Amino acid sequence: MPHRFTPTPKDKFTFGLWTVGNAGRDPFGLPTRRGMSPAEIVDLLGEVGGVHGVNFHDNDLVPIDASASEAETIKSDFGKALKRTKLKVAMATTNLFSDPAFRDGAFTSNDAEVRAYALQKTMKAMDLGAEFGAQVYVFWGGREGVETDGSKDPIEAEQRFRRAIDFLCAYSIDKNYGYRFALEAKPNEPRGHMYFPTTGHYLAFIPTLRHPEMVGVNPEVAHEHMAGLNFCHGVAQAIGADKLFHIDLNDQEFGRYDQDFRFGAANPKGAFFLVKLLEEAKYQGFKHFDAHAYRTSDRDDVIEFARGCMRTYLILKDKARQWSEDSDIRSLLKQINRGGKDLDALSVRYSKAHAETLRAMKFDRESLASRPLPYEKLDQRTMEILMGV
Ligand code: GLT
Ligand code: MN
Ligand code: MN
């Protein structure tokens with residue numbers, strides 16, 4: 001039996017080619033690591049051990065200017081590496097942000113020809129993902145936004161984005177790909193302002209689509225933190241709406257640039273409540289570590305980075321179990337949650353009689369306000385469990 005903090009493919013942990021393959025380039029500095037071919041990245045993940053699968057953008061796998069024969073060679077090498085390592089392809093997506101053609105957006109571009117090219121590129125990328133068995137298709141609108149609002153009508157931009165997703169849902173149905181689309185929000189970077197800045201914005205957008213049942217969200221820890229939000233709450237809302245189709249796990253300090261740190265590296269307490277939420281909700285989807293190693297890391301340290309992401313998740317999963325079994329926590333929860341079956345029955349559904357009963361009830365405000373809520377004690381015990389005391 002594997003050690004409880006040793007991942008297995010059943011944990012459904014995945015990494016993007018662009019995550020462990022990240023060469024350490026930043027806006028101010030050149031790469032610090034050698035670029036790897038897709039097959040080399042898959043082999044590295046094989047060496048990491050316990051990884052379920054790998055994800056890619058079309059151009060992580062096949063460069064945008066590759067010839068047909070180059071594409072065939074790359075795909076065949078990649079396929080062989082997948083066989084060797086028994087890794088699956090879980091998710092695919094389109095790079096609609098690197099090429100200068102997309103400097104002012106893809107689906108929301110002001111140029112009809114750019115919008116058409118973006119659709120064509122996505123259809124071909126969907127074909128590529130399907131060829132390798134990807135089940136989830138992610139949309140991250142890296143360039144869908146503005147620096148100056150004079151440049152685009154935001155209502156028209158949303159409409160263009162909606163038309164594109166409607167078109168591509170129909171394409172997936174037509175080709176029988178069975179994709180589940182997952183929309184990924186981010187408030188800014190690389191654009192000054194990006195459309196659909198938070199997961200909540202996407203949750204409101206999805207019901208306006210032609211095929212809302214095919215479309216969910218792909219929340220990313222770092223992106224919601226950039227917006228100053230409580231990630232756990234956004235994810236809970238997605239779970240409640242049955243829309244958590246995929247998740248990007250990493251970490252991020254508030255108020256900073258897009259850091260994409262190792263999962264749990266910046267805010268372990270937030271990570272704990274997230275893992276607790278995912279485990280208690282029995283989330284069955286892929287858990288993708290959309291992060292990269294520090295720019296200072298070499299190949300060995302990149303492997304440590306990948307192992308660290310998964311190990312932290314599994315440690316926090318164990319902490320969540322400890323938390324729920326802890327006798328102090330249990331008695332505190334009992335004290336905090338005051339049930340009242342007949343009271344709940346009154347408010348669960350409206351009826352004239354229920355309304356009358358509620359209107360006639362007498363509430364003792366002083367006694368309501370004086371009941372103990374020992375949240376300090378609860379939080380301290382939580383921290384001690386986390387700190388291993
Ligand atoms: C890019 C971005 C990620 C997205 C990827 C999908 S690309 O690295 O920062 O958060 O998930 O396009
Ligand atoms: Mn990110
Ligand atoms: Mn992401």
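It should be emphasised that the depicted structure is a prediction, and the values quoted were computed from it without experimental measurement. One-based numbering, in listed order, for ligands and for the atoms of each.
- Taking backbone and side-chain atoms together, Asp248 has an N/O/S atom less than 2.8 Å away from the Mn ion (ligand 3).
- A salt bridge is absent between Lys80 and Asp43; no separation between the charged side-chain nitrogens and carboxylate oxygens falls under 4.0 Å.
- At a 4.0 Å cut-off, at least one heavy atom of Asp248 sits close enough to ligand 1 to count as contact.
- With respect to the Mn ion (ligand 2), His223 has NE2 as its nearest N, O or S atom.
- At under 3.5 Å, a nitrogen or oxygen of Asp290, whether backbone or side chain, sits near a nitrogen or oxygen of ligand 1.
- Nearest heavy-atom pair, Ala71 versus Val62, reported as atom, atom and distance to 0.1 Å: CB-CG1, 3.7 Å.
- Looking at atom 8 (O) of ligand 1, its nearest protein heavy atom turns out to be Trp18 NE1, 3.4 Å.
- Polar contact check, Glu184 against ligand 1: a nitrogen or oxygen pair lies under 3.5 Å apart.
- Residue Glu184 approaches the Mn ion (ligand 3) most closely through its N/O/S atom OE2.
- With respect to atom 9 (O) of ligand 1, the closest heavy atom belonging to the protein is Asp258 OD2, 3.8 Å.
- Looking only at distances, a side-chain donor or acceptor of Asp251 sits under 3.5 Å from a matching main-chain atom of Ala265.
- Using the six-membered ring where Trp is involved, Phe56 and Phe78 have ring planes that are perpendicular, over 60° apart on the 30 and 60° scheme.
- Summary: OE2 is the N/O/S atom of Glu220 found nearest to the Mn ion (ligand 2).
- Looking only at N/O/S atoms, Asp260 comes nearest to the Mn ion (ligand 2) through OD1.
- What sits closest to atom 1 (C) of ligand 1 on the protein, heavy atoms only, is Trp140 CZ3, 3.7 Å.
- Where the criterion is an N or O separation shorter than 3.5 Å, residue side chain and backbone included, Glu220 meets it with respect to ligand 1.
- In this structure, Phe97 has its ring center at least 6.0 angstrom away from the ring center of Phe102.
- Using cut-offs of 30° and 60° on the angle between ring planes, the pair Tyr179 and Phe181 is tilted.
- Using a 4.0 Å heavy-atom cutoff, His223 is listed among the residues neighbouring ligand 1.
- Rounding to the nearest 0.5 Å gives a distance of 11.0 Å between CZ of Phe272 and CG of Leu277.
- With Phe245 as the aromatic partner, Arg180 meets the cation-pi criteria of under 6.0 angstrom to the ring centre and within 45 degrees of the ring axis.
- Of all atoms in ligand 1, numbered sequentially from 1 with element shown, those under 4.0 Å from a heavy atom of His57 are 5 (C), 6 (C), 7 (S), 12 (O).
- Remark: the backbone N or O of Gly145 is paired with a side-chain donor or acceptor of Arg191 at under 3.5 angstrom.
- With His223 contributing its side chain and Ala185 its backbone, the two residues share a donor-acceptor pair below 3.5 Å.
- In terms of distance to the Mn ion (ligand 3), the nearest N, O or S atom of Asp290 is named OD2.
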